[in-house]
Each structure stands twice: as C-alpha cells, then as structure tokens.
S.K.: 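First the structure, then my questions, so here it is.
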Amino acid sequence: MFWKLRLPLILTFLVGCVPVVTFFLAERVPGVSIVPTTVERYMVIIAGFALLLGVVNVVQGSVRRIAQRRPGWPFAISLLAGLLVMGSFGVLSALRVGPFQGLLAGPRGEVTPFLWMTRHFFDPLQAAIFSLLAFYIASAAFRAFRVRNLEAALLIIAAFLVMLGRTPLGEYIFRWAPGGERWLPGLTDWFMAVPNTAAQRGVIIGAALGAASLSLRVILGIERSYLGAKER
Amino acid sequence: MGQVLGLWIGAFLTLCVFSFLYRDNPFFRFAESLFAGISLGYYIGTVSANTLAPNLFRPLFRDFPNQAHLLIPLLLGLNLYCRFIPRIAWMARISLAVYIAYFVGINMVQKLQGEVVPQIGATILSPWGGAFTPLDNLILITGVVCVMVYFYFSIEHKGPVGAVSRLGIWFLMVGFGAAFGYTVMGRVSLLIGRMNYLFIDVVRATRQIL
Amino acid sequence: MKLERLVRLDRRIIYLLIAVGTLLPILWRIGFPVSPTPPVQALFARLETLGPGDIVLASFDYGPTTAPEITPMARAVLRHCFERRIRVVAIALFPLGGVTMGGEVLGEMAAEYPALRDGEDYVYLGYKDGTQAAMKLMGASFASVFPFSNAGVPVEEIPLMQQVRNYADIDLVVSFSTNVIGEWWANLVNAQFGVPVAVGTTAVWAPKHFAFLDSGQILGLLGGLKGASEYEHLLVAAYPRLEPLYERAGVYTAMKGMDAQTVDHAIIMLFILIGNAAHFWMRRRESARRPG
Amino acid sequence: MRATVFLFAGAAFLAGARALGQGDRPGTGQSPAGAGAPLALFLLFSFLVIFFIVRSRRGHELFIRRIPGIQAMEEAVGRATELGKKVLYLPGGGKLEDNQTIASLAVLRHVASLSARHATDLAVLNKDPLTFAAARETVQEAYLQAGRPDLYHDEVVTYVTYDQFAFTGAVAGYMVREKPAANFFIGDYQAEALLLAETGQATGAIQIAGTAEVTQLPFFAVVCDYTLMGEELYAAGAYLSREPAMLGSIKGQDFTKAALILYLIAGIVLEVLGVHWLRDFMSIQ
C-alpha cells in the first residue's frame, strides 16, 4: 500500500509545493529561479517519452486491426505507412543520418524530406479540417439558433446583430441616417467590449478559483482520480 | 515539379477531407487515417529532433559528469513503460504523480496571480463612464458580479440570489451570442484560404508548368 | 409537412451554399461598397507623406493559417511603398511560417516592379526568434540581430542596410501580425524608441489594438479582411494603374474575400430567419390544433 | 492527513513571511504592491479552502447546488445502455498539466464507473499521451471498484494522435461510424470544440460538454445538450465524489469568491470617492 499509493501521494505533495514556494521567493532570492527552469526541462523530457507510449498503443491497435481483418482494416495500413515514413524521416533527421541533416531545414536552408512531407501532406490536411469550421458554424447557427425561451432569444439577437455589424451590410442598412453607417459596427464593438467582456471575466475569475482549488486538492492528496486510486 | 506535385497531393487530400461534408466515405477515411499516421510521425520527428536529442541524449553522451542529473527525467520517462509489465505496472504512477504535482502547483499560483488578481483589478472602475456609453462600466461591473454569483455553489439559487444569478445567465447568453457571431468571420476566412489554395494556387502553378 | 422539412433542413444544403458563396466571390468580384475607416486612412495618409529616400520596416509576424486575412494587407502596403519608391526592409518574427510568408509576398510584389533592385530598394533579412529580445536589440543595431540577409549576404555588403543602423533610420514600422507581436511593436518598440508604428492584424486581434490607437502608440490599424479591403480600396482610388491587379478574375484580394464574407454572413443570417419563422409557424399550428 | 495540511499551511506561511519581509528591499526593481496581492490572495484562499476541508471532515453538512450537466450524465449513459451503443469520452485536447484535464479525469472516473455498472461499452480517445497514461489508470480502477474488472480491456482507453486536427478528424470519423449514443467532451478544448460537437449532433448522440475555455463555451453551449461551464467543470469531480473533503474545498472557494465580490464593491465605492488604493493593490505591472 505504501509503494502503490502513499509514495505517489507524498511525492505529489512535495513536488507540488516546489513551484508554489519558488514562485513567491523567485524575485526576492536570487538563484531560486534555477529550480523551476531545471524541473521544466525535466518535464518536457518526460512528456517526450510519453509520446512513444502513445505511438506503441497506436501501432498495437493498427496491427491488431489488420491481423484480425476488422472492418476498415486497409485504412490501418495507410495509417501505419504515414507513421512509418514521416516518423523515420523525423528520427533520421534527429540522428542526422545521411541526407537527413536537420528537421525542417537543411544546413543551408534547403528543403528536407521531412519539410516536403510537412508542407504537402501535413499542412493541407490540417488546414482542410480546420476550415470545415466555416461549414459547421453555419449549420450550427441554423439549427440551434431557435427562439425557444428568453435566454435563447438573448443569445440569438446578440449573435445576429454582431454578424450584421461585421459586414458592409451593417453599414448599408442605416446609411440614410446621418452617421448611421457606424451604428451597427459600433453596436458590434459595444457587444464585444461590454457584455462579452463581463461574461468572460466572470467565467475566468470563477474558473481560476476552481482550478486553484483543484490544485490544492491534488497537492493535499484529496483528489486522486488521475492515479486511479480511491480514497483510503 | 516537386512543388506542383506537392500542390496536387495537397489539393487531393483537401478534397478528400471536404468529401466528409457529404457523408463518410473511403476517401475521407483514407485521408483521416493517413493524417493520423503522418501527424504522429511529425511529432515523433519534432520530439526526437527538438527535445530528446538536444536536451537529453546529446548532453548525456557529450558531457556525462556535468549532465548526470538528466538521468532523473530519463528514469522517470522510462518508468512510464512499467505499464507494460503487470507486476510493476503501478510504478508508472510515480512518474505521473511527479509530473502532475509540479504543474498543479504552477497552475495554482498562476491562476490566482495571472487571472484572478488582474481581472478583479480591471473591474474596479468608476461606474460612470465607458468607451461607448456612460453606462458601460456599470453594465460591465454588474455583469461580472452577477456571473460570479451564478457560479456560487453552496447556496440555493432562489429569492434575491436566484434573481441575481438569473441576470448572470442573461449576461452569459448575450456574451456567448456576441462571441459566436464575432467568430463567424474568422472561420469563413479559413475556408477562403482553402478555396484560394484549391482554385487559385494549384491552378496557377499547374498552368505554369504546362 | 413542408414546414417540418424546412425546420429539419438537410445540413448539406447549407454546406453547399456556403461553399458556393465563398468560392464565386473570390474568383469574380461582386463589388460590395467599401467605406474606409479612420484607422486605415491614417496609415494610408502616412505612407502618402513618405517618398524616395524614406525607409519602411515591414515585419511579417504571421503564418499560413491567417494568410487569407493578412497577406492582402502586406501586398497592398508593399505595393503602395513601391509605387512611391519608398525603400523596404522586411523581417519575420513569427515562428510558424513567418519566414516563408515574408519571402513569398515580398518576392511577388518586387517582381511587379522590375525597376527596383534587391539590396538597394528592398531587402529581406529573414526570421529571428526571441521576438521581444530581437525587437529591443534592433533598437541598438540591426546588424547584431540580422548579420546576414535571408539570401545569406552579409549586411555590410547590402547598400540599403548601410543606411540602416537602428530604428532611428526607419521612418515607419508596419507589422503584419497574427497575435500579440503587433502589440509589442506598440508597447515596446514605439514606447522605448519612438519610431512610428502601424499594425495590420486579424479581425480577432484588432479590438485589442484600439487602446494603442487611442493612446497614439500606433498611428494606423488594419483589422482583418475588412481593414485590408479598405486599404486596397484607397490604393486603387489613388493609383488607378493598379486597378486591373485588384479586379482581375483568378487573383485573390481582400475586397473579394470581403465579398465572400458578406455573402456567407448573409446566407447564415437568412437561414437563421427562415429557421425561426418555420419554427414559429409550426409551434402556432400545433397549439391551434390542441383542443381546449 | 491533518499533519499534511498543517505542513502545507506552514510552508505557505513561511514562503509568505519571507517574501513580505524582503518585499520592499530597495534595488530589487520590483514594486512590493505587485507581488502583495497574489500572495495575500494565495494565503486567504489556501486558508479558507483548508479550513472548510477540515471542518467538513469533522462532519459538518454541506449544501452544494444542483448542476444540471452532472445530473444528466447518468441519463446519458443509461440511454447508451438501452440502445446497446457506446459511450464516447474525450478528456480534451489539453495536456495533462492543464487543470481542466485533471478535472476531466475526475469526471471520467464517474462515467467509467457508470458504464461498468451498466455493462455499457466505453471508449476514451486521447490526444495527449500522458493523459492517455493517466486515463488508463483512472478507468481501470473505476471498473475494478464498480465490481466489473472483467469488462476492462486495453481497447477501452486508446491513443489517437498528438495533432489537434488529425485527432479531430479521426474522432469525427469514429463518431460517424460507431454512432455512440452519448458523447462526453470534458476538458480543455480549442477550435475542435465545434467540429466535434456538430459531428456528434449529426449522429444523434446525447452530448455533455464541459470546459473552462471561454472562447469555446459559446459553441458547446449552443450545440450540446448540457454544458459544464468554467468553474462547474472543476466542481464536477468534487460534486460526484460526494466526499466531505472535496465538498469542503468548494465551500472554501465560494467564500473566497464572496470576499472578492466584497473587495470589488468596496473598491468601486472608494473609486467613486477618488481613493484608488484598493484598485492599485490589485493591478500588476
């Protein structure tokens, strides 16, 4: 029990106090800041090892899928192929083997194989999936923006006015009035600067307190779901 | 040539992704699984070339006596793999505990110092005045307080507290609506970028080599 | 029955309309009216006061993801400079693709002006990391931050750079920025070195910059596609020679992008109205049917 | 346990005293007011939270208001059981070091235990590799405690990829093909929030979201059936556990909030009177 639960909890407490104490001492005691910088370097390395843990899981899952001929197994091959090609380019670049000198640029700025793959496979795929949002934001607005009650009405009216104020349409509608072309754009700015800031601020303050409270629970060993461990 | 070939590959993959809008299909499935593999490979590359090689292995091999302390993260990192050996699987928890504990400590002070204090400070305003109307500050202050009350957990929300928290919800709704409407433009820009790529960049590059 | 179908419209119809509404305007300009706002006019007017012999520092502080918004700004401002024979020193401070953006846009624009010479009328110094540190260091010496141009030429051998030691030799900084870097040009470089700064940034970041505009730390601001389209509009009005570049089919400009934005906004708003009208009528019909 | 509490309070106090004592030493270039507010807030907050934790451990009853999204979790898992479909849980796109992710693991423990008790299939897909490692511990233990360790296998919690949009694409495909009856998006979400929620909506799943990311809350609130907003996400784990110590910490955080509201109002009153020191104390340069 000690090794499996107590030890991790004691470590959590000790390690958790380090940044708290160094934070308040950092500006007063010269040299203290070396502690967080060193520990952070360690943490980045640990996270690096964790990525490999994920890779192992993906490879296991894909191989299993292919071996058992599960539905869609050929796609596991394309996954493994992408992983193998890109991953090996990456590792070879890290080891600086043969033509793989440098990851995203060669010693004289030339295009590396890794960069070529990044530009023509990775970047377009990333941008394409990201841009699906333009479609989804439209369908979400159509489907979900129904005036069902007062709260929904407030949300929809605000969204509608802001959308209108962000285009030349918003300037056009009230053009007939003196200075009218600034009305809707001005209203948009007001919505963002006043009610939206108020809502965001309230959420941020509450969430920050919630996060700090969670931190304290973890440091004190009360919250331990991440260890899978139950309270005593 | 390599450039144009690359553009055509990118265009094909973009169309594969867009085909998902119609329905799930083998082209999307191909692009999606290829992307999963390539992206993992990408991070294997960046992690090994930008983190593990320069920050761990090279210092350890080149200057072991001075860099021996790097054995600590090395061991903690390797320790994660104990998960694969059932008898000592629990040992992986130690690395997790250390990792989480450190960041949880950082988050605690950062949230209080970097979020609560400045946000409260910025709300201590004279209620009369504002950039748009003379009531802006008053509305802002009311909104912040009402939303904070909405998040109060340990009293029941009825009577005056209920009324204030209801007002808090209204502020949240207006704020969410405005943010939603405001974001549309940025998302459309992303699509403009892709249309540009498909119908202007690729076409132009192809025309050049023909 | 029809109302139900409208309320539960197949989302693919919306997708199709958005796709068409985005694509057509960027190929052929519709020509919605553009009315320039004061922050955009201010930058335009400032460049109008500069001429041959003056030097503008153009900083590429954005990457490919925000290129549809920012690249048209960079193109328009560079064209404006080159039309007026203002010399341009370009740098990049954004890590994710700033260096490629800078190289591409500057190369493209310079190609339109064959009379201008690389190294004399413009130069591209490339990317430097450590944003704020680099910004401060340039106040002392450009050569210490950028010892070589992006093409690998030592700065001492570049005629233009012989006239640029630090910010004192720069007449205007224009940052094309996707995030907080634009603010740093205002509250760090302008505040500490007094060099005039203008910022072109995304629609998302623009509101944050208004405070710097008010305080005079930046003299002009282009916000998102809208700001870019306003600048293009001013440029074409003042230099009619450039009009074909902006009206031609198959070339992307902010005015076209703004047309696409307007169409898409209109589509979305229309659908919200239709959806609500159908929803409302359906509810009314249901309550009318209910007995009692 | 109590010793730990005292140790922590002691360490905090020492740190505080040390910092305050040397605060206005000339030549440090740091305005003492700048660090004073965070420290004061830290001490007040820690005191209140620890005080209420200790008090509730002694058996004081605590009231916590209803949080609708949490009530709906059981219903969502129940529906998946009826339909014989999966429950999908995503602990967010954030890293393990983000507190939202840790809060998500606390909710995951509850959802996993519900799934185990209903013998419903659960799928937890991960973007962050360390979160993946931690989620496996969480889920395995939850199954064990629910008395169904037999149902746990290594394909319940799986890793996808580290890239935000590759992950989103893979999960969107998964949702369309497997059609889970309940989707949980709990944790730190960025631009993927709407992509995931819209796809899930199209497949007809009950969706419960939770995030403290203000920029994404509008999208979850509009598309999902229930959304845990901001602080509710952090409180969820405590609420679900029903442990006195956990609930005590929420009470402590509520009292801090009340103190802050009073401070805010006092500051505004002084501001009207032309006295600025309450505001200045809270502004960091």
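Lettering of chains follows the sequences in order, A, B, ..., and the numbering in each one begins at 1.
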S.K.: Let me know if L21(B) has heavy atoms under 4.5 Å from chain A in its side chain, its backbone, both or neither.
M.R.: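 Just the side chain, heavy atoms under 4.5 Å.
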
S.K.: Does any backbone or side-chain atom of F145(A) lie under 4.5 Å from a heavy atom of chain B? Answer side chain, backbone, both or neither.
M.R.: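 Side chain only.
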
S.K.: Given that the side chain runs from C-beta out, which part of T22(A) has a heavy atom under 4.5 Å from chain B: side chain, backbone, both or neither?
M.R.: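 For T22(A), there is no contact with chain B at all, as no heavy atom is under 4.5 Å.
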
S.K.: Can you tell me which portion of I169(B) sits under 4.5 Å from chain A's heavy atoms? Options are side chain, backbone, both or neither.
M.R.: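 The side chain, not the backbone.
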
S.K.: Sort by residue number and list every member of residues 82-91 of chain B having a non-hydrogen atom under 4.5 Å from chain A.
M.R.: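 The residues closer than 4.5 Å to chain A, in numerical order, are F84(B), W90(B).
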
S.K.: Tell me, side chain or backbone of T14(B) under 4.5 Å from chain A's heavy atoms, or both, or neither?
M.R.: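 Interface part for T14(B): both.
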
S.K.: Please flag which part of A53(B) lies under 4.5 Å from any non-hydrogen atom of chain A: side chain, backbone, both or neither.
M.R.: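 Just the side chain, heavy atoms under 4.5 Å.
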
S.K.: With a 4.5 angstrom heavy-atom cut-off, is it the side chain or the backbone of A81(A) that approaches chain B, or both, or neither?
M.R.: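 Neither part.
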
S.K.: Is it the backbone or the side chain of V104(B) that comes under 4.5 Å from a heavy atom of chain A, or both, or neither?
M.R.: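 For V104(B), backbone and side chain are both near chain A.
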
S.K.: If I measure from the heavy atoms of chain A, does R194(B) come under 4.5 Å with its side chain, its backbone, both, or neither?
M.R.: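 Just its side chain gets close to chain A.
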
S.K.: Does any heavy atom of chain B fall under 4.5 Å from the side chain of F23(A), the backbone, both, or neither of them?
M.R.: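 The side chain, not the backbone.
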
S.K.: Which atoms of T12(A) come close to chain B, meaning under 4.5 Å heavy atom to heavy atom: side chain ones, backbone ones, both, or neither?
M.R.: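 T12(A) touches chain B through backbone and side-chain heavy atoms alike.
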
S.K.: So what's closer than 4.5 Å to chain B heavy atoms on R201(A): side chain, backbone, both or neither?
M.R.: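 It is both, since atoms from each part get that close.
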
S.K.: Pick one of side chain, backbone, both or neither for A153(A), based on which atoms fall under 4.5 Å of a heavy atom in chain B.
M.R.: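 Neither; nothing under 4.5 Å.
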
S.K.: So which part of I129(A) gets closer than 4.5 Å to some heavy atom of chain B, the side chain, the backbone, both or neither?
M.R.: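 When you check distances to chain B, atoms from both the backbone and side chain of I129(A) fall under 4.5 Å.
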
S.K.: Checking T142(B) against chain A: side chain, backbone, both or neither under 4.5 Å from a heavy atom?
M.R.: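 When you check distances to chain A, no heavy atom of T142(B) falls under 4.5 Å.
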
S.K.: Select one option (side chain, backbone, both, neither) describing which atoms of V203(A) are under 4.5 Å from chain B's heavy atoms.
M.R.: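 V203(A) touches chain B through backbone and side-chain heavy atoms alike.
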
S.K.: Please classify the contact between P74(A) and chain B as side chain, backbone, both or neither, with a heavy-atom cut-off of under 4.5 Å.
M.R.: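 When you check distances to chain B, no heavy atom of P74(A) falls under 4.5 Å.
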
S.K.: So which residues of residues 46-55 of chain A are in contact with chain B at a heavy-atom cut-off of under 4.5 Å?
M.R.: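 The list, in residue order, reads I46(A), A47(A), G48(A), F49(A), A50(A), L51(A), L52(A), L53(A), V55(A).
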
S.K.: Which bit of E223(A) is near chain B, if near means a heavy-atom gap under 4.5 Å: side chain, backbone, both or neither?
M.R.: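 Looking at E223(A), nothing touches chain B.
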
